[in-house]
Amino acid sequence: MGRKLLLEHANIEGIASYDVYRKNGGYRSVEKALKTMTPDEVVEEVKKSGLRGRGGAGFPTGMKWSFLAKPEGVPRYLLCNADESEPGTFKDRYLMEKIPHLLIEGMITSSFALGANQSYIYIRGEYMYVLRILEKAIAEAYANGWLGKNILGSGYNLDLAVSPGAGAYICGEETALIESLEGKRGNPRIKPPFPAVKGLWGCPTVVNNVETIAAVVPIVNDGGDEYAKIGIGKSTGTKLISASGNIRKPGVYEIELGISVDEFLNSEEWCGGMKNGKRLKACVPGGSSVPILPHFLVTKTAAGEDRLMSYESLADGGFATGSMLGSGGFIVYDEDQCIVRNTWNFTRFYHHESCGQCSPCREGTGWMEKVLHRLEYGHGKMEDIDLLWDIQRKIEGNTICPLGDAAAWPVAAAIRHFREEFEWHVNEPQACMQRNYGLVAEKVFAPASV
Amino acid sequence: MSAETTHSQIAFPQETLAEVNRILGLFPEDNKKSALLRVLHIAQAEFGWLDVPVMDYVARLLHINPVEVYEVATFYSMYDTKPVGKVKLEVCRTGPCMIEGAEKIVKYIEDKLGIKDGETTADGVFTLKTVECLGACGYAPMLQAGEQFHEHLTEEKVDALIEKYRANPRANYMGM
Ligand SMILES: Cc1cc2nc3c(=O)[nH]c(=O)nc-3n(C[C@H](O)[C@H](O)[C@H](O)COP(=O)(O)O)c2cc1C
Ligand code: SF4
């Protein structure tokens, strides 16, 4: 059994209520920080922990916090990103629903570290019932003196509130989130200025993922060094993984970073292996935006080493033969799944979710969706595959926010690793409507030609 | 609801106004516009959908220009600026749900209710809509009705929930 820092108490009866949470050691990090530490000392512990943002990009949290501008007399804000809309990702909902006070506690301790006196949790509108759970927890925290004025007699004041989105993946991008929280359309802002300088209402702002903020609780309780002992290399601590697809035991799991992909996928403790005795075809290890891996690159790297559940190992080989840990949305595909259909499905998602500000993203995603649709339905031509390659390359890096890249990468990876399956759709337009291509040939890895 | 072209009587009941005031109180004095998305959710729950008179009413409550409300209401996919049924059945169609059979569930509901994706039943009770990832990938296939998530869907489960909502269309709202 691996160590659990976030979900250790998640299955205790009544843990969503304040009393049970407190009895199980809840709010200790607030006591410790407010009574015995300075804000900078909290930031220092987070730096030492090596914690990296759990929202997808993996940026070191301590470093992000130390970039926050602190001009005199200007309020600063901490915003929690609970927009969770990346296909394959459902861990934040699990955490907030099961153990809401962990997020509230993390918000208080983190806000103290940043010197924020007003913080918000921005949650996707579809999670309205979770918003109500959080509001209840916040009310309990106020009633017990953990929020409000002069918390624990420390002189520190903090107000915390939740605010919903209304159905827009793009509002998970931090500047779009800020726009949305200001009551506007979720159009990402051009950076710089970065939120650390000009964020919510023009003030310095930090945006962190739900899981990142929750991880601050064990870091402050046990110290950054203890946290850093878990994991491997620069992938410290534990990570919530949302496991879905054709596996026996889908769900949310907390793993110690660095366990092998093979163990995660096949052991009874986690995914429990493939469902219905089918064989593995492919895996998207970090949410829909990251490159898909064909079966022979899932548990092993191109160099033949064991692939690990860590930022570095999942990225081993770059985009040629690797992928990314991303948000930890681990989607598993068996031999019956069609890669072209899946790529079309994801591309439709990005087209639907593009905010429309940049033409490469707005037009490119729609164009790719059309081309993929005709390939999937047996009307494609061989040139369409190169056309797709060309479009995705022209989107990547040419847009205001990373949604453009997120739309381009899955298409590129699908063609890179499954070109034969795309070609089969062109060559066998009848067959492709009746059955799926099956597994890629059991080939030894050869560098992709594209 | 669908027969109505536009709302005539628009005002929140007293307790809803109190809730709106509580929400306005969560934001600093000069930034009350931040409450807009939440208040639009409340207005939609109250009036069924957001037509121009409803949006104008929200603009008055928040002391902002009507156009600021229109641009938000038309940007976010949860807001309905056209009439819809009392219960929206929103089936997730994205990746993990698709490979676990979302398309079959959509077809089943279409056949059962005699409507297509995006349409409303003649009695105005149900609207079927396919939506993008709702964050329930491990419990696929799934649909959302009002605030409720219905996961691990089977045909039997769909039958049962349709019965439930037909009997009580408001069963899906937990509060304001
Ligand atoms: C299109 C897009 C969607 C995103 N969605 C989310 C999201 O739902 N949740 C999240 O935490 N981060 C999301 N991010 C990343 C955020 O912009 C930001 O990097 C993150 O919230 C920072 O928190 P962290 O450092 O704690 O990971 C998204 C980014 C992009 C470009
Ligand atoms: S890349 Fe796409 S989503 Fe991002 S700002 Fe441009 S158009 Fe909007």
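Every chain is numbered from 1 and lettered A, B, ... according to where its sequence line falls, protein lines coming before strand lines. Model, not experiment: these values are computed from the prediction. Only this structure's heavy atoms are used, side chains among them; waters, hydrogens and symmetry mates stay out.
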Do the non-hydrogen side-chain atoms of [X] and [Y] ever get within less than 4.5 Å of each other?
X        : Y        : answer
A:Pro250 : B:Tyr139 : no
A:Glu135 : B:Arg22  : yes
A:Lys275 : B:Glu100 : yes
B:Met98  : A:Asn342 : yes
A:Met128 : B:Gln144 : no
A:Arg93  : B:Phe149 : yes
B:Arg38  : A:Leu131 : yes

Next item on the list: Count the heavy atoms of every other residue, nucleotide or ligand shown that sit under 6.0 Å from NZ of B:Lys107, and state whether that count exceeds 12.
Entry: no
Using 0.5 Å steps for rounding, measure from the [atom1] atom of [X] to the [atom2] atom of [Y].
X        : Y        : atom1 : atom2 : result
B:Leu37  : A:Leu181 : CG    : CG    : 9.0 Å
A:Arg124 : B:Leu134 : CZ    : CG    : 5.5 Å
B:Ser34  : A:Tyr122 : OG    : OH    : 11.0 Å

If you tally heavy-atom pairs under 4.5 Å against chain B, which of [options] wins?
options                                : result
A:Cys171, A:Gly329, A:Ser180           : A:Ser180
A:Lys91, A:Lys249, A:Arg341            : A:Arg341
A:Glu86, A:Gln337, A:Gln118            : A:Gln337
A:Ile331, A:Thr89, A:Asn246            : A:Asn246
A:Gly125, A:Cys355, A:Gly245, A:Ser163 : A:Gly125
A:Trp201, A:Tyr333, A:Phe346           : A:Trp201

Do side-chain atoms of [X] reach the backbone of [Y] as a donor and acceptor pair under 3.5 angstrom?
X        : Y        : result
B:His41  : A:Gly165 : yes
A:Asn345 : B:Thr94  : no
A:Ser244 : B:Pro96  : no
A:Tyr120 : B:Leu26  : yes
A:Arg185 : B:Glu71  : yes

Next item on the list: For each of B:Ala140, B:Gly95, B:Ala136, B:Gly135, tally heavy-atom pairs with chain A at distances under 4.5 Å, and name the one with the top tally.
Entry: B:Gly135
Note to self: Heavy-atom pairs under 4.5 Å with chain A: which of B:Glu90, B:Lys33, B:Met78 has the most?
What the structure shows: B:Met78
Chain B contact via [X] - which portion, at a heavy-atom distance below 4.5 Å:
X        : value
A:Val162 : backbone
A:Tyr127 : side chain
A:Leu200 : neither
A:Val130 : neither
A:Ser85  : backbone

Notebook entry, point to check: Are B:Glu68 and A:Lys184 close enough for a salt bridge, meaning some N to O gap below 4.0 Å?
Noted result: no
Next item on the list: Would you check, one step at a time, whether the test side chain to side chain contact (heavy atoms under 4.5 Å, CB included) holds for A:Asn187 with B:Phe75?
Entry: CA-CA 10 Å; A:Asn187 289 337; B:Phe75 181 85; 3.7 Å; yes
Check: Step by step, would you call B:Glu132 with A:Glu126 a side chain to side chain contact (heavy atoms under 4.5 Å, CB included)?
Finding: CA-CA 11 Å; B:Glu132 299 295 353; A:Glu126 295 90 339; over 6 Å; no
Item checked: For the student: nearest non-hydrogen atoms of B:Cys133 and A:Pro87, plus distance -> SG-CA, 3.5 Å
Item checked: Considering all heavy atoms, the nearest A:Ala166-B:Tyr76 contact -> O-CB, 3.2 Å
